[in-house]
> 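Right, I'll just put the structure down here and ask away after.
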There are 2 protein chains.
Amino acid sequence: MADVAALAGVSAQTVSRVANGLTNVDPSTKDRVVAAMNEIGYRPNSAARALKTGRFKSIGVIMFTLSTFGNMRTLDAIATAAAQAGYSITLIPIALPTQVELLGAFSRLGEHAVDGAIVIVESHILDRSDVSLPTGLPVVIVDSDAGDTYSVVDTDQAAGARDATRHLLELGHRTVWHVSGPEGSFSASRRRDSWEATLVAAGAEVPEVLIGDWTANSGYLHGLELAKRDDVTAVFAANDQMALGLMRAFHENDIAVPDHISVVGFDDMQEASSFWPPLTTVHQDFSAVGRLCLEKLLDQIDGSGTSRGVAVIPTTLIERQSTAAPASAI
Amino acid sequence: MADVAALAGVSAQTVSRVANGLTNVDPSTKDRVVAAMNEIGYRPNSAARALKTGRFKSIGVIMFTLSTFGNMRTLDAIATAAAQAGYSITLIPIALPTQVELLGAFSRLGEHAVDGAIVIVESHILDRSDVSLPTGLPVVIVDSDAGDTYSVVDTDQAAGARDATRHLLELGHRTVWHVSGPEGSFSASRRRDSWEATLVAAGAEVPEVLIGDWTANSGYLHGLELAKRDDVTAVFAANDQMALGLMRAFHENDIAVPDHISVVGFDDMQEASSFWPPLTTVHQDFSAVGRLCLEKLLDQIDGSGTSRGVAVIPTTLIERQSTAAPASAI
DNA sequence: GTGCTAATTGTTTGCGTAAACATGCTAGCG
DNA sequence: CGCTAGCATGTTTACGCAAACAATTAGCAC
């Protein structure tokens, strides 16, 4: 910076003013400074700037795992929105969704330079009152029940599961089986509860819940069991991967989808429309989630936003060809 | 830091020594300082540290898109390895794989605090001699031909495509069709070239290449065309999504896979084993790519590594149930 | 011309840390 | 007993920048 100032024949402070785009600089001076900057190849040093201002223009994203479709899409949207706002993303992966790991991640975030954080952990641990995040740092949490303590962006899991279940009931199925996500997952329990409530509200029998782990293989294993029964006509899987596994099990046992069993998924991953048969599923708007997270976080950072409350992103049922009226109703 | 020093009754410099784990500190003094740190909740300020040392303990990852399976897995591996090494990841998404965007990303990286960068752009632009990255920053590039200019980590695309093609030929297919990735993609052209070379080496006829865009839908559209022909018995798709689309088209036209047409994919995405039928595909070790990228980059950063050369990660053909001998050979 | 305001630019200062240098203290040796 | 080597600790300084304040100039009304 000093070199630029010397070359342009001004003080370092004036260079700083130009670099930060302040208005009260004479145009001709500004031109000289800009020319000098280009000649020297000056880049402001973010460490020094951060040290002086206390702002880092960077936000941390704490994620349990990158390997799920939804988390990835959310991250993509956050990163894109952040780039537009001039913020960079610092990614902190955690190996396990435990409190210890999460606090460790926050600690690392404290050492790295971050103005705020987005937590995508897909677990109940944040909802428990004995777990609390370090205060003072603006935080937005994705898909959690902790809206009374933190700012939360949540997909309307309940409505999605209700729509999926109701869709199957309206086709004439007497009841709907459910392959759930793992215990401890917030999204999984939301979908499971809503499925059950919808069945009860419709006066339908509630079958035993099948607990999966989000993978296609767990869906496949449950599908093999379901294939042995003759009273199953409709299954709602808590995500598309497990729905895919279910359908594989049904194919292997020559059970036609949707003619003998209807299947509905959740997520609407890109490939869902190319499954065989194309999967009826609940679309989640991960991009909207990511964008809204960033928006709420930036509002907190500049002081204009609240630090608690829940924003809900709606879901949409996408009807494709994996659902039909039950054979008995034909 | 000053507060900690006062509480522990030592100088700030001693606190710094403890924080950095230097050895020449009396154990009892060290204990006092550590106790004081915990009491106050001291966290070293990374901006100040970076300002003083010139090291940021952070590396930048420039990606074209997060939404492909492979990039996401690679990023996951990089992030995990980086966390273990005490580095954080700064994610810079670029909207389009053009030189302008890439240079813009590098410029942003220059402003943000980064010790090195990993570029995952999936495009030929880095191979052209007229494109050069700003020098001075350690860089590792994934899947590129620029090994004579930069340090590159590359998956052995050629071997994978050769194995896939040869596998089909060895089953007795007279030739193998190919649904390629888009023009301009480095991986796509590698796989396409190797497929063609393998056919030529085997004396097989080389059918017209079908150009897709990595999406399942593009595979589906090409599949509809292939379904109209009666001379197609084997197809090699350049990724699993397009293979999925192909199989959907074949299912819709009552063409049995693998009885009438064999299909091979590329990537071995998690769901590939649950496709119907389970997909024979080429496994890529994205985790190894990510880990190796980080390793090479850190070597460059601490000065012990070279800044050019190519490291190749092998691929493995995974035989599942989408391939079989052609009907004519039965 | 005097007194004022507004616009532009310069000067001083300190953010939190670690390197370089300085000090003080203990132990060991002849 | 005095001297030095070696270790623990303290003091000074500078990293690059921007906030706060100071200074200079121009423009304007009286």
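A note on names: the letters A, B, ... follow the listed sequences, proteins ahead of strands, and every chain is numbered from 1.
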> How is Thr14(A) classified with respect to the nucleic acid when contacts are heavy atoms under 4.0 Å: base, sugar-phosphate, or nothing?
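It contacts sugar-phosphate atoms only.
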> Return the OH to CZ distance between Tyr87(A) and Arg55(A), rounded to the nearest 0.5 Å.
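Interatomic distance, Tyr87(A) OH to Arg55(A) CZ, rounded to 0.5 Å: 5.5 Å.
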> Is Arg32(A) close to Val10(A) at the side-chain level, that is, under 4.5 Å between some pair of heavy atoms?
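Counting from C-beta outward, Val10(A) and Arg32(A) do come under 4.5 Å.
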> Is there a donor in the side chain of Thr90(A) and an acceptor in the side chain of Ser58(A), or the other way round, less than 3.5 Å apart?
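Yes, a side-chain donor-acceptor pair sits under 3.5 Å.
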> Could you give the start and end, 5' to 3', of the contact zone on DNA chain D for chain B, using atoms under 4.0 Å from its heavy atoms?
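Reading along DNA chain D, I get dA8(D) to dG16(D).
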> Measure the CD-OG1 distance between Gln284(B) and Thr155(B) for me, rounded to the nearest 0.5 Å.
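Here the interatomic distance stands at 4.5 Å.
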> Look at the side-chain N and O atoms of Thr29(A) and state whether any lies under 4.0 Å from the OP1 or OP2 oxygen of dT8(C).
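Checking Thr29(A) against dT8(C): no side-chain N or O falls below 4.0 Å of OP1 or OP2.
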> Whether Asp154(A) and Arg190(A) form a salt bridge (side-chain N of Lys/Arg under 4.0 Å from carboxylate O of Asp/Glu) is what I want to check.
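So Arg190(A) pairs with Asp154(A) through a salt bridge.
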> For Ala48(B) and Lys30(B), find the nucleotide of DNA chain D closest to each by heavy atoms; which residue's nucleotide sits nearer the 5' end?
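Going by which nucleotide is closer to the 5' end, it is Lys30(B).
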> Roughly, in whole Å, what's the span from CZ in Arg49(A) to P in dT17(C)?
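Answer to the nearest Å: 21 Å.
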> Using every non-hydrogen atom in the two residues, find where Asn20(A) and Arg49(A) come nearest and quote the distance to one decimal.
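Here Asn20(A) and Arg49(A) meet closest at OD1-NH2, 3.1 Å.
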> Considering every strand and a 4.0 Å limit on heavy-atom distances, what is the contact class for Val15(A): base, sugar-phosphate, or nothing?
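If one applies the 4.0 Å heavy-atom cut-off, Val15(A) turns out to touch nothing in the nucleic acid.
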> First locate atom CD1 of Ile94(B), then atom CD1 of Ile120(B), and finally report the distance between them rounded to the nearest 0.5 Å.
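The distance works out to 11.0 Å.
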> What is the distance from CE of Met37(B) to C1' of dT17(C), rounded to the nearest Å?
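Those two atoms, CE and C1', are 12 Å apart.
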> Test side-chain contact (heavy atoms from CB on, under 4.5 Å) on Met63(A) and Ile92(A) and set out the steps.
CA-CA 6 Å; Met63(A) 292 188 102; Ile92(A) 310 282; over 6 Å; no
> Between Leu51(B) (CG) and dG14(C) (C1'), how many Å, whole number?
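Interatomic distance, CG of Leu51(B) to C1' of dG14(C): 12 Å.
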> Restricting to nitrogen or oxygen on both sides, can you table the protein-nucleotides 19-28 of chain C pairs closer than 3.5 Å?
unit_1: dA19(C); atom_1: N6; unit_2: Gln13(B); atom_2: OE1; d: 2.7

> Of the options dT8(C), dA18(C), dG10(C), whose atoms approach the side-chain atoms of Asp26(A) most closely?
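Nearest listed nucleotide: dT8(C).
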> After noting the C-alpha distance and the side-chain angles of Thr149(B) and Arg308(B), does the key distance pass the side-chain hydrogen bond (donor to acceptor under 3.5 Å, both in side chains) rule?
CA-CA 6 Å; Thr149(B) 317; Arg308(B) 53 190 62 191; over 6 Å; no
> When all nucleic acid strands are considered with a 4.0 Å heavy-atom cut-off, which category describes Ser16(B): base, sugar-phosphate, or nothing?
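Here Ser16(B) touches the bases of the nucleic acid.
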